[in-house]
Amino acid sequence: MATIGALVRESQLPDSPSARLDVELLLAAALDKPRSYLRTWPEKLVPREALARFQADLERRRQGEPVAYILGQQGFWSLDLEVSPDTLIPRPDTEVLVETALALPLADEVRVLDLGTGTGAIALALAHERPRWQVSGVDRIPAAVELARRNAQRLRLGNVGFQQSHWFAALAGQRFELIVSNPPYIAGSDRHLDEGDVRFEPRSALVAGADGLDDIRELIAAAPAHLQPGGWLWLEHGFEQAAAVRELLVRQGFIEVESRQDLGGHARISGGRWPC
């Protein structure tokens, strides 16, 4: 049997940009311990069953499978979420959408909609931070809706609900003070679709036409019918799409249009307010 320290030092993931972190996450999960345990007890021997699980999971990672799918969970905002290959893996850059929404001049009790909710990450983060908001999330994939519901139940959030809908299709007559979305925004010909973790994520949640803006165009055009006067629309997009998204918002009639940067300094989200 090997020690914890030896496995952390010697396990190889040559194609991973976060090899050390990946190894630690997989080993901690196999041991059913927090990552801090690995540093506290590097001399401890790893039990045979835990070692077998770790080696199997390590091989899956060597084949390119994302750690989040291997472990079935991913952290987002202050929450630990269940994930599956039916949905995108929540990413830290999307947290800027949550930060921006929380900073908007909204009342204590408003209705919020998260379109294409996936794991429910954005909706759940907002519901967690604003217990008096009524948050709804929709997704066209039934398995994603069920996953988001499980996350809400496990987190004991009673002010959020999820339903199946392709964008606004099942929301006739409903209006919100805030609509947010991380829609598909990658061009179909983008070479990055065949690289890294993205290879394992659902294409339907990634690709949006020749220029990656098909779904964003649809959402911007349809959103006014579902916004209260003075309501806000904020969308995540590709780091080179900010100017195009702002132009679409302005053409549609939105005011106070602007973009915000992600953790890497790229313009990652854009939004605006529907006039009163």
Side-chain angles (χ1 to χ4, degrees), residues 1-96 98-99 118-122 124-125 128-129 143-144 146-148 150-157 182 191-202 205-206 262-266:
M1 289 192 294
T3 66
I4 289 173
L7 288 174
V8 171
R9 289 192 306 272
E10 298 169 9
S11 298
Q12 301 295 314
L13 286 172
D15 296 326
S16 172
S18 55
R20 176 67 177 254
L21 175 61
D22 293 354
V23 167
E24 291 185 357
L25 288 170
L26 295 174
L27 183 54
L31 291 166
D32 196 22
K33 300 289 186 182
R35 282 176 60 209
S36 59
Y37 182 89
L38 308 182
R39 296 183 176 88
T40 305
W41 304 105
E43 76 284 358
K44 281 190 174 291
L45 293 173
V46 176
R48 184 173 287 105
E49 288 186 3
L51 180 60
R53 174 184 169 182
F54 170 69
Q55 290 174 333
D57 288 348
L58 194 66
E59 182 56 30
R60 291 171 67 184
R61 183 58 182 146
R62 289 192 183 110
Q63 298 303 315
E65 188 173 352
V67 171
Y69 288 162
I70 296 171
L71 299 183
Q73 62 183 21
Q74 174 76 7
F76 179 82
W77 197 247
S78 60
L79 311 174
D80 289 323
L81 303 177
E82 178 187 346
V83 301
S84 82
D86 295 308
T87 66
L88 290 182
I89 299 168
R91 288 172 168 80
D93 284 339
T94 301
E95 292 183 1
V96 70
V98 176
E99 292 174 356
T119 62
I122 298 169
L124 294 166
H128 181 266
E129 296 297 325
E146 291 304 314
L147 175 61
R150 289 198 301 272
N151 277 323
Q153 183 176 20
R154 183 173 51 80
L155 294 167
R156 299 181 180 179
L157 293 173
N182 178 14
R191 62 180 176 80
H192 295 97
L193 291 167
D194 297 317
E195 299 176 358
D197 290 359
V198 173
R199 292 174 294 162
F200 291 81
E201 296 182 273
L206 294 166
D262 61 19
L263 299 173
H266 302 113

Salt bridge (charged side-chain N to carboxylate O under 4.0 Å, His left out) contacts in which one or both residues fall within residues 21-31, not counting sequence neighbours: R20-E24, D22-R61, E24-R35, E24-R39

Qualifying residues under side chain to side chain contact (heavy atoms under 4.5 Å, CB included), relative to P14, sequence neighbours excluded: Q12

Residue pair D93 / L263: nearest heavy atoms and the distance that separates them: OD1-N, 3.5 Å

Beyond-backbone contact of L31 with I4, side-chain heavy atoms, under 4.5 angstrom: yes

Check residues 46-56 and write down every donor-acceptor pair under 3.5 Å in which the side-chain atom is one partner and the other belongs to a residue at least two apart or another chain.
from	atom 1	to	atom 2	distance (Å)
R53	NE	D57	OD2	3.4
R53	NH1	A29	O	3.2

Shortest non-hydrogen separation from L155 to L81 and the atoms involved: CD1-CD2, 4.0 Å

Check: L58 and L27 side chains under 4.5 Å, non-hydrogen atoms: no

L124 versus L157, closest heavy-atom pair with distance: O-CD1, 3.6 Å

Minimum side-chain heavy-atom gap L7-L38 below 4.5 Å: no

Heavy atoms of other groups near E43 CD, more than 12 under 6.0 Å: yes

Nearest atoms (heavy-atom pairs only) where T3 meets P42: CB-O, 3.5 Å

Spacing of T40 atom OG1 and K33 atom NZ [to the nearest 0.5 Å]: 11.0 Å

Which atom pairs, one a donor and one an acceptor, fall under 3.5 Å between side chains of residues 72-79 and the rest of the protein, sequence neighbours left out?
from	atom 1	to	atom 2	distance (Å)
W77	NE1	E129	OE2	2.9

Closest approach of Y69 to T87 (non-hydrogen atoms, all atoms of both residues): OH-O, 2.6 Å

Listed partners of A19 passing side chain to side chain contact (heavy atoms under 4.5 Å, CB included), at least two apart: L13, S16

Derivation and outcome, side-chain contact (heavy atoms from CB on, under 4.5 Å), residues I70 and L26: CA-CA 8 Å; I70 296 171; L26 295 174; 3.9 Å; yes

Residues forming a side chain to side chain contact (heavy atoms under 4.5 Å, CB included) with E10, sequence neighbours excluded: A6

Closest approach of E82 to R150 (non-hydrogen atoms, all atoms of both residues): OE2-NH2, 2.8 Å

